[in-house]
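First the structure, in the form of structure tokens, and then the observations on it.
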Amino acid sequence: MSGFWANVAQFAYFFMFLGLLCPSIHLLRKFFLAGSVLAVLFALKAEAQPLWVPLAWHGAFILLNGIQVTRDSFRRHQQKLDPMEQFLKDTAFQQFSNEEVRSFIRHGMEGKAEPEGYLARTGEASQDICCILQGTAEIFENGVKIGEVAAGRLIGMHCLLGEATVYYDVIAKTEVSAMVWTLTAIHDWVGKDTKRLAALQGVMGAQIVEQIAAENAAKRMVRTEEDAA
């Protein structure tokens, strides 16, 4: 056996060793695939006659790992989010998995509002939840501005709290595009899946807390200005 083929065998096992160090099963399979290819070359060329036992086993490893790597790569490509899905994943729905973001969006619909158009109006019944994709809206209570809603924020979460009517006005400051989900669509999406329900409750809960804190801060500022006047 020449020194060249001895080095080929060393590299084959080195790749397999690296694979065992990888926390990702996908990388492990890739390293084993590379190691098996080198091992097959070694079994074919190192001696005058092929080494049939390692050749057969490493051929099987190449077939098995090749199929799994191809399937994993295809699955990852299928799970890749488009720009809008990625935006919602990075903003409003950080607690959702990629699959949950994609399926939840399929239950919604896109909508638009012109500047000064109402996204929510005091006293009106509404069972819609929307997330702003582009633009900015302002929140008013009794005609007093108490906050703003930018892209990536949710509007209409009161319906999930069991409230029948809206208690504030949300008016588009600029042209607004948004994703809208009806309460019926949300119930259809959740179904009996407790994991989806928990993920949605986590998202809504975090945004409700942030919204209430921002509104309270704005109200305190308004009172301070009124007292100073």
Side-chain angles (χ1 to χ4, degrees), residues 80-98 100-186 189-190 196 199-229:
K80 188 176 180 180
L81 302 178
D82 65 29
M84 184 179 72
E85 293 168 344
Q86 190 63 55
F87 172 76
L88 291 174
K89 166 74 173 174
D90 292 338
T91 54
F93 301 103
Q94 295 181 21
Q95 299 180 43
F96 279 24
S97 67
N98 287 2
E100 287 171 337
V101 170
R102 183 178 288 110
S103 63
F104 190 53
I105 288 176
R106 285 200 295 266
H107 282 73
M109 54 187 175
E110 291 190 57
K112 291 185 179 294
E114 298 297 324
E116 300 185 6
Y118 281 81
L119 301 178
R121 192 188 298 264
T122 302
E124 290 188 352
S126 175
Q127 292 190 322
D128 294 344
I129 294 173
C130 71
C131 181
I132 293 180
L133 300 175
Q134 291 182 330
T136 306
E138 297 175 316
I139 303 174
F140 292 87
E141 185 175 18
N142 299 323
V144 178
K145 179 181 174 180
I146 59 172
E148 288 194 0
V149 188
R153 304 299 298 175
L154 295 168
I155 300 171
M157 295 171 289
H158 62 282
C159 67
L160 291 182
L161 300 177
E163 298 179 18
T165 57
V166 182
Y167 62 88
Y168 50 75
D169 295 321
V170 181
I171 303 174
K173 184 177 180 181
T174 64
E175 184 178 53
V176 168
S177 62
M179 280 296 299
V180 182
W181 296 269
T182 64
L183 194 57
T184 300
I186 291 173
W189 179 75
V190 171
R196 285 186 172 184
L200 188 59
Q201 287 174 334
V203 166
M204 298 302 176
Q207 294 236 355
I208 287 171
V209 169
E210 290 180 15
Q211 181 173 313
I212 291 174
E215 290 176 5
N216 288 340
K219 289 176 182 178
R220 286 195 297 271
M221 184 177 296
V222 169
R223 286 196 297 269
T224 300
E225 290 175 354
E226 289 176 348
D227 293 341

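All values derive from a computational prediction rather than experimental measurement. For the numbers below, each heavy atom of this structure counts, side chains included, while hydrogens, waters and symmetry mates do not.
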Would you give the length of the straight line joining atom [atom1] of [X] to atom [atom2] of [Y], rounded to the nearest 0.5 angstrom?
X: Met84; Y: Leu133; atom1: CE; atom2: CG; answer: 6.0 Å
X: His107; Y: Thr182; atom1: NE2; atom2: OG1; answer: 9.5 Å
X: Lys145; Y: Ile139; atom1: NZ; atom2: CD1; answer: 9.5 Å
X: Leu119; Y: Ile171; atom1: CG; atom2: CD1; answer: 9.0 Å
X: Ser97; Y: Arg196; atom1: OG; atom2: CZ; answer: 8.5 Å
X: Gln134; Y: Phe87; atom1: CD; atom2: CZ; answer: 8.0 Å

Check the pair Phe93 / Phe104 against ring-ring contact (aromatic ring centres under 6.0 Å, His included), numbers first and verdict last. CA-CA 10 Å; Phe93 301 103; Phe104 190 53; 5.4 Å; yes

Begin from the C-alpha positions of Ile132 and Ile155 and carry the test side chain to side chain contact (heavy atoms under 4.5 Å, CB included) through to its verdict. CA-CA 8 Å; Ile132 293 180; Ile155 300 171; 3.8 Å; yes

In terms of heavy-atom contacts, does CG of Asp82 have more than 12 from other residues, nucleotides or ligands at under 6.0 Å? yes

Whether Phe96 and Trp189 hold their rings parallel, tilted or perpendicular, with breakpoints at 30° and 60°: parallel

Side chains of [X] and [Y], heavy atoms from C-beta outward: is any pair under 4.5 Å?
X: Val170; Y: Glu138; value: no
X: Ser103; Y: Arg106; value: yes
X: Leu183; Y: Asp128; value: no
X: Val180; Y: Glu110; value: no

Locate the shortest heavy-atom distance separating Cys131 from Gly152; write the atom from each residue and the value. SG-C, 3.8 Å

Can you list the steps and then say if Thr136 with Val149 is a side chain to side chain contact (heavy atoms under 4.5 Å, CB included)? CA-CA 6 Å; Thr136 306; Val149 188; over 6 Å; no

Considering only residues two or more places apart or on different chains, which pairs with a residue in residues 169-181 satisfy side-chain hydrogen bond (donor to acceptor under 3.5 Å, both in side chains)? Thr122-Asp169, Glu148-Lys173

Between Asp90 and Gln94, do the side chains contain an N or O donor and an N or O acceptor separated by less than 3.5 Å? no

Criterion side chain to side chain contact (heavy atoms under 4.5 Å, CB included) on Leu81 and Lys89, from CA distance to verdict: CA-CA 9 Å; Leu81 302 178; Lys89 166 74 173 174; 3.9 Å; yes

